[in-house]
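Some notes on the structure that comes next.
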Amino acid sequence: MRFGCSLQGDPDRRVSRVGTLERADIDSVSFLANPRYKRFLATTEAGAVVLDPALAGDCPTAALLTKNPYATYARIATLLYPVPAQVPGIHASAVVDESAVIDPDAYVGPMAVIEAGVHIGPRVVVGPGCVVMRDCRIGADSRLVARVTLCADVKLGERVLLHPGVVIGADGFGLAPDKGHWVKVPQVGGVDIGSDVEVGANTTIDRGAIENTTIGDGVKLDNQIQIGHNVRIGAHTIVAGCTGISGSAVIGERCMIGGQVGIAGHLSICDDTVVIGQSLVASSILKRGTYSSAFTVDEATRFRKNAARFAQLDEFVREVRRARRDPGEPSAT
Amino acid sequence: MRFGCSLQGDPDRRVSRVGTLERADIDSVSFLANPRYKRFLATTEAGAVVLDPALAGDCPTAALLTKNPYATYARIATLLYPVPAQVPGIHASAVVDESAVIDPDAYVGPMAVIEAGVHIGPRVVVGPGCVVMRDCRIGADSRLVARVTLCADVKLGERVLLHPGVVIGADGFGLAPDKGHWVKVPQVGGVDIGSDVEVGANTTIDRGAIENTTIGDGVKLDNQIQIGHNVRIGAHTIVAGCTGISGSAVIGERCMIGGQVGIAGHLSICDDTVVIGQSLVASSILKRGTYSSAFTVDEATRFRKNAARFAQLDEFVREVRRARRDPGEPSAT
Amino acid sequence: MRFGCSLQGDPDRRVSRVGTLERADIDSVSFLANPRYKRFLATTEAGAVVLDPALAGDCPTAALLTKNPYATYARIATLLYPVPAQVPGIHASAVVDESAVIDPDAYVGPMAVIEAGVHIGPRVVVGPGCVVMRDCRIGADSRLVARVTLCADVKLGERVLLHPGVVIGADGFGLAPDKGHWVKVPQVGGVDIGSDVEVGANTTIDRGAIENTTIGDGVKLDNQIQIGHNVRIGAHTIVAGCTGISGSAVIGERCMIGGQVGIAGHLSICDDTVVIGQSLVASSILKRGTYSSAFTVDEATRFRKNAARFAQLDEFVREVRRARRDPGEPSAT
C-alpha cells in the first residue's frame, strides 16, 4: 500500500476528508494514536481508521494498520488537503527593489516589501504584508504565510514555513554596562535557517552578535518562542510555545523542549535531551535524559503553606540534624 | 440614576473626563475600587468619586454610590470617551478580492488585504495593515485595530475587539515523529470566536487540527497569550498575559487564569476555576477553587540554599523517617 | 587613544571588521569580556583584542587595554558598522495623513501608514509596514525598523529604537466584573517612552488606563516582553525576554530583570534591584539586592520525587516537630 500499511476491511472504501474518531462520518478517515481517545473507537462511524495492528480487532470499520498511525495519518491528510497552489507572479501592490532576484515561479503577495539584494527561489510564496529586508535569501518552496519580517542578511533553506508575525534577524540583546548606562553592541551576524524548518506565529529569532544564529534542518518551533543571538539549534529538535532561549545557548539534535521553558545563555544541551514544560535550564546538560523543574498546581492555600515551609527549608534541615546530634535542644514551632 | 447609583452631593456637578483619586481635578470623575488607593480619598480634588456606599462618609466631594464602583466607573468612562466613529468605506490602498462581501457600513483601512470569500459585517472596522485571508467571517461591530492577521476560515462573532499583532488561525503545532524526523500534520480545522471577545496585542490562537478551536462569548484575553489547536475556552473566562494553553485543553466558563500560566494539553479545567499567575496546570482540575504552583522571590542566596535542600528533599524525608525507626543510625550533614 | 584605552603592540595595525576570539582573522578586532572565553585567547588570530590590562601578558597579538573591554568593543564595532544612512523622504506607497507633520530629514518607508496629528522629528526612520496612529510624536533620530505599531497618543523620545512587531499603546487589560460578565474599562491614558530606549521584537507596552504608562530614559527591553497599563520603569533599567509586568507596577532605576520573570501588579521594586530569570515578584521589593524564585532542572524522576515530598512539606514539618515533643508517636511512611 502507498503508505506502507495493510488494509483491513473493504478495499473499495473511499474517504475524502478527515475526522476525529468521535465525530467522523463514513466519508472521513480517522486515526488512533493517543490512548486517551481509545474510548471512542468502538462507536466510531469513520469510513476508515488508521491505527496500530494490535488494535485491529477493536476497530468496527475499515482499518489501515501501521506501527506509526499518527505519521501515516499525517501523510494521508496531506494528500486530502493539498496546500492550494499559488499562481506565480508579483502582486501589483508589492514594492520590490530592482536589484532583487525573484524566481519566475515564485509569488510575492499584496503589500509585501522586498528590499535590495534579496534572492527568492523557485515556488517560494511571500504572503501579504511580509517585509524581506536587504540581502536575504529564501530557498525553494519556502512559504512566508503573511506579515513575516526577515531583517537583513537572513538565509532560509528550502521548504521553510514561517507563520504570521514571525520576526527573524532583529538585533540581539547585546548591551555593555558603562557608568550606569548601557552601550549598544552592534549585532553584525546574520541568521541561517536550515531546510524543512517550521516557525510558529509571533516567534522571534535574533541575528548573531558577530557570528550567525543557526537553526538546523527539520527544526520545528511553535508560537511565541524567543531565540537569542548566536543560539545554535541542532537538526530535528522541536520546541513548544512560549519558550525562551538565551544568547549563545547550543542545543543538540533531536531534543524535545517543552513550552514556557527558560534556557540560560552560554550553555549547551546534548542531543536527544527532553525538557519538561515550564522548566529552567540554568547550566549545561551533558547527559541525555528527561529533565524537569516544573511544579504543578495544588489547591492554593495548601500550596502556600508548603511554600512557606520551603522558604525555611534550609533552617529546618539544619534544625533536624542538630536535634539528632543533640536531642536535648528545644524544637522551633 | 442612569448607572443605577445614588448621588451624594451637588446634583448639578458636571464632569468631562476621568482621573485618578490622587490627581483628578474638579472636572474629572474618579473611582475607588482597590482598597490600596483608599489613602488618596480624603484629599482627592475630583469633581465626583464613584465608590461603595459604605465609604460615602469618607468622600470629601460629590459621590456616586454603588456596590460595584469599578463597573459603574467603566460605564461612565465609556460615555465620556466614545470610540471615534469611523466613516465607512474602503481605503484606496486596500487590496480587496472581488469575491469578498463587505457591508456598506464597514470600514477597511489603508494597506489592508481582504482575500476571496471573506464576509465582513456592518460597522466592522478593519484597521491599517490587517490581513484577512480567504473565507473568514467577521460579525457586526467588530474591530481589528491594526496589523491583525486572520488566517483562512476564521469566524468572529459580533463586537469582537482584536488588538495589533494578533494572529488567529495559524497552523497548530501538529507533528508526528517518524524515524528521527517530524512529519507535519495538516491543520484543517478552523477557529470560532464568540461575540464580545477581546484579544490583546500579539496574542496567537491556532486553528484546529481537525475540528475547530473555539473561544466562547465574552472571553477576554490579554497580550502575548498562546492558545494551541483545538483548545476550547468557555464563556466569560479571562486570561492574563503571556499564558500558554496547549492543544486540546478544555477550559470552563467564568475561569480566571493568571499571567504566565502554563496549561498542558488534553486536559479539562472546570467552570469558575482560578489559577494564580505563573502556575502550571499539568492535569485536569475537576473541582472549582483557587490553584497555585507559583513560588515568589526570596533573597537569592537564601533561595538557593533552600533550593539545594529541595533537591535532596526525598532523601532527607527518608533519612528522618529511618532515623525515627532506628535512632542509632548516624546523621548526614 | 580615541576609546580611552592604551595600545600594546603594532600601532599601525588596522582592522576592518569584528570577530570572535576563536575565529577572528588578522583584519578583525576581537574582545575578551566573559571569562569563559579566555581559553581562546592564547590561539587567537585576531588582528587586535580589546581586553583588561591584567590579561595583557596573555594576549598573543595587538591589544587594546581597558578596564571595560565590552563597552570599548561596542564603541569600536559601532564605528566599523555604521547604521546605513537613509535618504530622507516619504515612499510613494506610504499613506500619510495631510495633518501629519513630518520633518524633511525624516524617512517614511513603503507601506507605512501615518495618521492624523502625528509629529515625526528629524532623521527619524519609519521602516516598511509601520503603522503610526493619530497624535503620536516621534523624537529625533528614532528608528522604527519595520512593522512597528504605535497606537494613538504614544510619545517617543530621541534615539528610540523599536524592532519589528513591537506594539506600543494597545489597550490595557482593564475589565470590571459585573454579574458574571466583564465590562471593558476605557483605556484613556497614553504611553511616554524616554530617550535612548530600545524595545525588542514583538514586545508590547500597553497604554495607561487613566494616566500614562512611562518608560524612562535609557531603558532596554528585550523581545516578547509584556508591559501592562500604568507600569512605570525607571531610567537605565534592563529587562530580558519574555518577562511580563502587570499593571501599575513601578520599577526603579538601573534594575536588571531576567527573562520570563513575572511581576505582579500594583507593587514597587526599588532602584538597583536584580531579579533572576523565571522568578515571580508578587509583592514589593524595598531593599536592593538580588532576588530569585527560580528552580533549575534536575533529572525528571528525581525532581518529581522531591516535588511529591514538597506537596506534603507542611505536614512533614509538623510531623517532625510533633515527634520531637512526643517521641513515642508512630512515624508516617
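Bear in mind that the values here come from a model prediction, so they are computed numbers and not experimental data. Every chain is numbered from 1 and lettered A, B, ... according to where its sequence line falls, protein lines coming before strand lines.
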Between Arg302(B) and Asp314(A), is there a side-chain N and carboxylate O pair less than 4.0 Å apart? no
Largest heavy-atom contact set with chain A, pairs under 4.5 Å, which of Ile225(B), Asp178(B), Val183(B), Val166(B): Asp178(B)
Strictly by modelled atom types, are Thr204(B) and Gln224(A) linked by a side-chain donor-acceptor pair under 3.5 Å? yes
A quick test of your reading: do over 12 heavy atoms of other residues, nucleotides or ligands sit less than 6.0 Å from CD of Glu45(A)? no
Partner of Pro128(A) under side-chain contact (heavy atoms from CB on, under 4.5 Å), chosen from Val132(B), Val131(B), Thr149(B): Val131(B)
Side chain, backbone, both or neither: which part of Ala294(B) has a heavy atom under 4.5 Å from chain A? backbone
Go through the steps for Arg309(B) and Glu315(A) under the test salt bridge (charged side-chain N to carboxylate O under 4.0 Å, His left out), then give the verdict. CA-CA 10 Å; Arg309(B) 294 300 186 184; Glu315(A) 292 159 51; over 6 Å; no
Segment of Glu198(A) engaging chain B (4.5 angstrom heavy-atom cut-off): side chain
Parallel, tilted or perpendicular: which fits the ring planes of Phe310(B) and Phe295(A), with parallel below 30° and perpendicular above 60°? tilted
Quick one: of Glu115(B), His266(B), Met133(B), Met111(B), who has the most non-hydrogen atom pairs under 4.5 Å with chain A? His266(B)
Result for side-chain contact (heavy atoms from CB on, under 4.5 Å) between Arg147(A) and one of Val148(B), Val167(B), Val113(B) points to Val167(B)
Side chain / backbone / both / neither for Ile276(B) at chain A, heavy atoms under 4.5 Å: side chain
Full working for side-chain hydrogen bond (donor to acceptor under 3.5 Å, both in side chains) between Glu211(B) and Thr20(A): CA-CA 8 Å; Glu211(B) 297 171 357; Thr20(A) 59; 2.7 Å; yes
Under a 4.5 Å heavy-atom cut-off, does chain A meet the side chain of Cys130(B), its backbone, both or neither? neither
Please classify the contact of Thr273(B) with chain A as side chain, backbone, both or neither, using a heavy-atom distance under 4.5 Å. neither
Please classify the contact between Ser283(B) and chain A as side chain, backbone, both or neither, with a heavy-atom cut-off of under 4.5 Å. neither
Applying a strict 4.5 Å limit to non-hydrogen atoms, the region of Ala308(B) in contact with chain A is neither
Go through the atoms of Val320(A) and report whether side chain, backbone, both or neither lie under 4.5 Å from a heavy atom of chain B. side chain
Which class fits the ring pair His181(B) and His236(A): parallel under 30°, tilted 30 to 60°, perpendicular over 60°? tilted
